[in-house]
Amino acid sequence: MMSFWKRFSYNRGAVIGLVILTFVIAAAILAPILFPQSPWKMVQRPFLPPFTQDGLLLGTDALGRDVMAGLAHGAYVSLLVGLVSTIVALAIGVPVGAAAGYFAGRIDDALMRFTEFFQTIPSFALAIVLLAIFQPSLTFVIIAISIVSWPPVARLVRGEVLSLRTREFVEAASLSGLGNLQIITRHILPNALPPIIVLASLMVAQAILLESSLSFLGLGDPNIMSWGYMIGAARTVIRTAWWLSFLPGMAILLTVLALNLIGEGLNDALNPRLTRKSE
Amino acid sequence: MIRFILGRLVKAVFILLAILVFNFLLIHAAPGDPAAVMAGEAGAADEKFLADLRARFGLDQPLYMQLWIYIKGAVQLDLGYSFRQQMPVAEMIGDRLPATLLLTGVAFVLSLVLGVTAGVAASARQGRWGDTIISTFALLFYATPLFWVALMATLVFSVWLEWLPGFGYSTIGAGYTGLAHVLDVAKHLILPASTLGLFFTAIYMRMTRASMLEVSRLDFVKTARAKGLNRGVIQRRHILRNALLPVITLAGLQAGQIFGGAILTETVFAWPGIGRLMFEAINQRDYNVILGVFYISAAMVLLFNLITDVIYVIVDPRIRLTT
Amino acid sequence: QDGEPKSGGTLNVVIQPEPPSLMIGLVQNGPTQMVGGDIYESLLRYDFDLQPEGQLAESWEISEDGKTYTFKLREGVVFHDGEPFTSEDVEFSMDKFLRESHSRMRTYMEHVESIETPDDHTVVFNLKQPFGPFIGIFEPGTAPMIPKHIYEGTDYANNEANNTPIGTGPFKFDKWEKGSFIHLVKNEDYYMEGKPYVDEVYYHVIPDAASRAVAYETGKVDVLPGGSVENFDVARIQAMENTCITDKGWEYFGPLSWMWVNNDNKPLDDVKVRKAIMHGVDRQFAKDALWNGLGKVSTGPLSSSTRFYDGDTPDISYDPEKAKDLLEESSYDGETIRILGLPYGETWQRWAEAVKQNLSEIGMKSEIVPSDVAGWNQKVADRDFDLAFTYLYQYGDPALGVSRTYMGDNAAPGSPWNNVANYQNPETDKLFAEAALMASPEERKAAYKEIQDAIVEDVPNIWLLELGFPTIYRCDVKNPVNTAFGVNDGFRDVWLDK
Amino acid sequence: MTLLSIRDLSIALPMGADRLYAAKDINFDLAPGEILCIVGESGSGKSMSANAVMGLLPQGVLPDKGSITFDGQSILGLSEKEMLKLRGSRISMIFQEPLSALNPLMRIGAQIAEVFEAHGALTGAERRARALKLLEEVGIPDPEAAIRAYPFQLSGGQRQRVMIAMALALEPDILIADEPTTALDVTTQAQILKLIEDLRRKRGMAVIFITHDFGVVADIADRVIVMKKGEIVEAGPAQEVLLKPQHPYTRALIDAIPRLTKTEAAAEVERTPLLKVEGLQKTFSTGSGTLFGKRRVVKAVQDVNFELFAGETIGIVGESGSGKSTVGRCLVRLLDPDGGRVLMDGVDIAEMSGPELRAQRRKLQMIFQDPFSSLNPRARVSRILTEGLVAYGTPDKEAKAKARELLELVGLDESAMKRFPHEFSGGQRQRIGIARALALVPSIIIADEAVSALDVSIQAQVLDLLAELKTRLHLSMLFITHDLRVAARICDRIIVMQKGQIVEAGPVSKVLHDPDTAYTRSLLDAIPGQDYERALAAAD
Ligand SMILES: Nc1ncnc2c1ncn2[C@@H]1O[C@H](COP(=O)(O)OP(=O)(O)OP(=O)(O)O)[C@@H](O)[C@H]1O
Ligand SMILES: Nc1ncnc2c1ncn2[C@@H]1O[C@H](COP(=O)(O)OP(=O)(O)OP(=O)(O)O)[C@@H](O)[C@H]1O
Ligand SMILES: [Mg+2]
Ligand SMILES: [Mg+2]
């Protein structure tokens, strides 16, 4: 464990990523303390540009709401949407993909046909339909996003596992008397990790943006402030008040960047072949 | 191999049917129906108007009858009529198909080529400036909402520089034919295709890069170096090939979504494609159109999944597939 | 002042959303009317004060008792396929086709006893009783003239000809590339000398509002009909060179927005709660911030462009203090009110948010329920809401566009367009019924004044704004809007000063 | 004239390794046409020194001081680009582990042709022809088929020969061969050695030959270097070092060389068959024949029958590619046999699955021919060694203690527990594989070339260990090897395989001293270093 941290911290990018993410998480947690007023409160005249008024550092939006408060409160929801739906997607996709790839044959066939079931409807369309059926509360938004994002994970993992299961070290592990579950979790998945980490770190962004697209179509939870909502809402005024979409866009970008840097750091730290560059 | 493919194709037919039933139930579970939407648009409607519409669309029948009628048609490759447009769904899809295939196809090739190339380039410069720049750019395109990129691209290239048309499929009313038409369409294609393509580029780039780095530490790379091969060749022939598997998976996924993947892009760039048709159909509850598009897109997904599996075997001969 | 009209040129107009069909007699949604208005015509058209002008009718006469309407038709009018237009077509359209397919016409035609066609160019409508609004229904969106020779005896809805609409209008249908554009060409045989002026009209289908703005900026389109760009963008585009804007052309429709109040639900069955909401919603802010200052704050159930509008109704202006007091006195007990937003774009979403915030400031909890268009229709029809945004057309006369939403016997669930609030007031019901059938405009005015006062007192709905949908166009496009229907009335008089 | 000269070379290891330097103060010269053999302890830095000459040290391992001069150029100072010109054409190398050293997704032919391409030699068609010729020269049967095969479809020895073919392709000035014949049967080995000898004579090729096989050293070496713990302990002309070793370590090594002559009468064993193999068949067919190229059918195992008794060791010898590994893999069910039965305690293993199979597997362990690819690159040695035990219910702590004990038994330091497979030398990895197989205390071990990468003294140590276990635990073994001396030392009976079939079987003394078939005799004749053995025997 110690050495893992050491290796991780040797990657400067990863550390920067961790710092950014910590900052975002802190914003999410501290938002109710720093901005006790509802982020929906209309506090000033609309479309106040950033840095023009004390107390409203980042200006106001189309309804005169404090953008800074929105960003802070939005951090919580966006992180929640991004992380939870990614975790759920991984929690479904990885086992399904791993089982399919490892057992191959009939199980593979069954699991993959099952996956195809969810995969065949274009994901964005499926999300729309799901949200038309169920009331788009935050929970359902997350569920809908998870449902549409696990099939790629499953297929990716399956592809990797299909290839890894024939490796000799896997055979050796099975000779050591390891059960299938142990072989998959301890020998195959760790070696399939790099693409999964990449996909997962990209999926977080995807989820945040999907939430934004949905709320832009009026299918988000309109009672909850999120970055996605802010971007979606600012879209129509992009020509007159560019900062309204730029600021939450930057927030998403930085978060995504942070997660990717961390993902990369993880990949490096978990790869025993990458020895420290110093020395 | 042939047996495997045939087996999958046979299965695909059954899956398609199952998916069809599922889709049918799914969209009928959404509130509202096409008659209500059309009445809504008219701004006024009485009972008779709605009843007439429903009778005309066959929506007055019990759900299982509607399902039965639809399935019966679908099995004979008859996708029914659009409630709204009074056109055969197959014809509507046929009309929109070329535009979508053109857009997503070009975007697909573009993103794949660009993404893999950038991924290779970045991995070769791991940890150095070039890597950082490429990675950051890719993420920039990935993490920026598509509509934002689209609008900015339109602003810059269409409004300010006036180089490219900002929307549409061809110059309306210009009446171009032959080569002029092709060039005209190509010009219209540039912005939407690159917007859509750049989004996927990041995925390929990152995946390629991570995978390449993983493979580049394996022993056979040392053998390749010992042969005196130069870096480029090693990167391409040895590392890339071994790193390709996850990229292929993702490409297969993207290719499968070649229909539905472009809803936003088609909307922003007024591209007369299937994605928009589908989106509008969902909003209008034009059941037959939605089902038709889903049906075709399901077939596409199944096909590309099959192709992906076959490519797996070609790329990695150690993988064995069984049905 | 515009000088001599010039002939020729192409007019590029935005159409949004893409119409399902151009057959205006079958489909009544906005885009169909807009394109259909170039192809089809009716007997009359109406100026900005809703006064009738002749179109296919040369002259008309209303009998003293208000029960007989006689129209003299123009001679020499032909349909786009060359067949002459006669009184037979009028009778067929009004009596057969539209009765069958047009739900609004169906109710209007209830009042008609018989239609006579003494000769090819005369049509006589005999009414059962006087029906004041009747003279106001002869516009193409309500009473389009449909060729009898094509439709008689066919299944109207499935007639092949619906795809190649034939009317008498200034433009002929040429081509419709689904998803891209609709192309109309000049009707060379039009009965008015020299008109139409432009050679062709392209309706561009551009689904995204920002792209529509870009289309205008880059000169791809010349006319942005009301609602085609987001309100937030209007000011910016307005400031462009060679750009004109008008909010005229909506007088007939008089679009009025309000929130349906579900009068059946607690605590909204309490008039004090409704009043509190009415006073608590800052409509001036909405107008300024969301509607670019266009439109008017509504004072009651009637739009001010409607005949018999009364500006002197009880006060319902923004007054949060009063709202708080009212709420205090009322039976409101901290319930969460569900607000159903209108899924027609950003402005409406923002508006719902603003209302939610307004309510929270007077101490009322609320949540916004999102939905798509179909879901909205369904929810409103099923009364599955507490407050629901909507806006409706008034069709120039309270008997046509207003009474339907307040009449107690028009409150059956299942339609989003009737008395969705389930407002029950036998007195106003009676007055509405009588006023529609009065022959004298003065009497009607008095009756409607009484109605307006009564309804505003009850606050069955939360009236918001008389919406302003500005038409933006290049200044060298002359006359794009010159009737109470605006761009929907066809581009008969448009010419390009280029 | 010297072609290559190494002065005071030290190669630093990253933190956490066995010691600070993989190699320290290395000095030697190489003249054209000279064959220099490097022998020495496993893990003594032989491979690292060789890699340094190629400029191909693994990440984290760096030449710390000293110089390498090739043909007047200082190699350590060359840029990567300049090195490219040398590699493959002027200096080429055969790596120690042939499975992981070949690109798994590239056909053999293409991998060979690439060498020419890298240096712009020949045209496309010529390259293919040359590749074919090379495969033939290194003795791969059916080169036409092999050229289209992927590495995983070849046997260990075949892969090794592919490596050799690649290294020899451009007839380099210096060939660095890192244990190039570990997986080759003696006849093939002889053929390869002859090939190298020819090139040396014709083209004046110099060779650095790393090996543990003193027989080979005796047959080919001009000069010998002996390494221990990163340092050169002795160097000199072959005759001198081999027959008059100065350093005690060298002497110990030479004493440890197994002797063919040293065959005792087979130990008394109980006659209860533990494993009964009946009519075993395995055929590989690749390519569907319709879509992707021609079908390649290899009858790897044909009708193999034998019995393994408790406490007995059977040696399987035979030419490379004759199906030895395939038999082993069929027995542990890593491959599903196409026909025949494998009866263990009267039950057919081939029919088992699930928990039943898992229960059996504990008794049946395998040491893999290619140690590196059989070790999970992302698992530390401690996990590799303990997880089998833990899986069968041993507490974690106990398992760790057991693992440490095993490491010591195979001659590895305890610090190895914390390292990853790639941080070891070839022989060390092989020992990890052995330790893993022993950890579970199986009743049968299938050892596939289990000691081929070990220097003779450690080899002796491991063989002693196995012999001890054999008596103590009644361990039975199937010992696949090409080294007949090793076979003579450890086996009770010997099976000789050729082309998938058993051509001869019998007690060691019979097969190795009085064989029935010409094939076996040819194997015996090809044993390297027979003169040397006689000389040593004479010296004793
Ligand atoms: N990447 C690495 N990281 C740390 N230590 C390493 C690494 N590679 C090799 N070593 C260590 O360097 C030493 C020398 O290794 P080398 O491969 O040169 O041995 P060798 O003489 O070739 O042995 P063998 O005969 O077993 O192949 C060994 O002790 C080994 O454990
Ligand atoms: N997976 C496979 N697919 C196709 N052919 C294979 C496969 N594995 C082995 N073979 C072929 O089967 C034959 C026997 O291989 P095997 O590995 O059993 O040989 P071996 O006796 O162990 O040889 P060596 O001493 O060289 O390791 C070889 O010709 C090889 O090419
Ligand atoms: Mg070595
Ligand atoms: Mg073998």
Side-chain angles (χ1 to χ4, degrees), chain A residues 1-4 6-8 10-11 98-99 102-107 159-197 266-279, chain D residues 12-16 58-62 99-100 104-105 152 329 332-335 354-355 357-380 383-393 418-423 433 436-437 439-440 442 446:
Chain A
M1 210 54 207
M2 259 333 278
S3 82
F4 170 83
K6 223 156 136 196
R7 293 154 76 107
F8 186 83
Y10 270 112
N11 187 325
Y102 183 75
F103 295 108
R106 208 161 289 154
I107 293 178
E160 290 294 289
V161 174
L162 268 181
S163 156
L164 284 167
R165 65 188 276 268
T166 58
R167 301 293 156 85
E168 223 166 49
F169 66 83
V170 175
E171 300 183 333
S174 79
L175 276 190
S176 292
L178 265 62
N180 293 327
L181 187 67
Q182 283 166 307
I183 295 184
I184 293 173
T185 52
R186 311 189 62 167
H187 290 272
I188 295 185
L189 286 182
N191 284 286
L193 220 45
I196 299 177
I197 289 180
L266 266 182
N267 253 344
D268 287 358
L270 291 175
N271 188 344
R273 292 259 188 168
L274 288 180
T275 29
R276 301 154 287 269
K277 279 181 210 96
S278 55
E279 297 167 324
Chain D
L13 283 175
M15 282 183 324
Q59 242 198 7
V61 179
L62 286 174
L99 178 57
S100 29
L105 304 185
F152 78 100
R329 297 168 83 78
V332 293
R333 272 292 295 286
L334 288 178
L335 284 173
L357 181 63
R358 194 169 157 245
Q360 277 305 331
R361 271 190 174 159
R362 169 155 206 175
K363 299 191 222 151
L364 204 57
Q365 287 297 308
M366 176 149 179
I367 300 166
F368 289 82
Q369 183 171 13
D370 186 76
F372 195 24
S373 49
S374 73
L375 299 175
N376 182 349
R378 283 180 184 249
R380 286 172 206 277
R383 209 176 94 197
I384 291 173
L385 293 183
T386 55
E387 71 184 351
L389 285 169
V390 174
Y392 283 110
K418 286 210 266 324
R419 280 150 64 192
F420 288 99
H422 72 272
E423 292 170 311
R436 170 171 62 188
L440 286 175
I446 293 156

Cut-off 4.5 Å, heavy atoms of chain A, and the answer for D/Pro58 is neither

With chain A, the option among D/Gln365, D/Arg419, D/Arg333 that has the most non-hydrogen atom pairs under 4.5 Å is D/Gln365

When the 4.5 angstrom heavy-atom criterion is applied to A/Thr166 and chain D, the contacting part is neither

Turns out that what part of D/Arg362 lies under 4.5 Å from chain A's heavy atoms comes down to neither

Of the listed A/Ala172, A/Gly179, A/Ala173, the one with the largest count of heavy-atom pairs under 4.5 Å with chain D is A/Ala172

Bottom line for D/Arg329: the part with an atom under 4.5 Å from chain A's heavy atoms is side chain

For A/Gly177 and D/Tyr392 the tightest heavy-atom approach is CA-OH, 3.3 Å

Bottom line for D/Phe372: the part with an atom under 4.5 Å from chain A's heavy atoms is side chain

Handout entry: Side-chain (D/Arg361) to main-chain (A/Leu175) donor-acceptor, under 3.5 angstrom
Key = no

Next on the checklist: Given 3.5 Å as the limit, does a donor-acceptor pair link the side chain of A/Arg167 with the main chain of D/Ser373, or not?
Outcome noted: no

When rounded to the nearest 0.5 Å, the distance separating CE of D/Met366 from OG of A/Ser176 is 12.5 Å

Ranked by heavy-atom pairs below 4.5 Å to chain A, first place among D/Gly388, D/Pro421, D/Pro442 goes to D/Gly388

Applying a strict 4.5 Å limit to non-hydrogen atoms, the region of D/Arg383 in contact with chain A is side chain

Okay, D/Leu375 and chain A: the region with an atom under 4.5 Å from a heavy atom over there is backbone

Output for pair (D/Asn376 CG, A/Glu168 CD), nearest 0.5 Å, gives 13.0 Å

Handout entry: Any D/Ser374 side-chain heavy atom under 4.5 Å of A/Glu171 side chain
Key = no

Q) Do the side chains of D/Glu387 and A/Gln182 get nearer than 4.5 Å, heavy atoms only? A) no

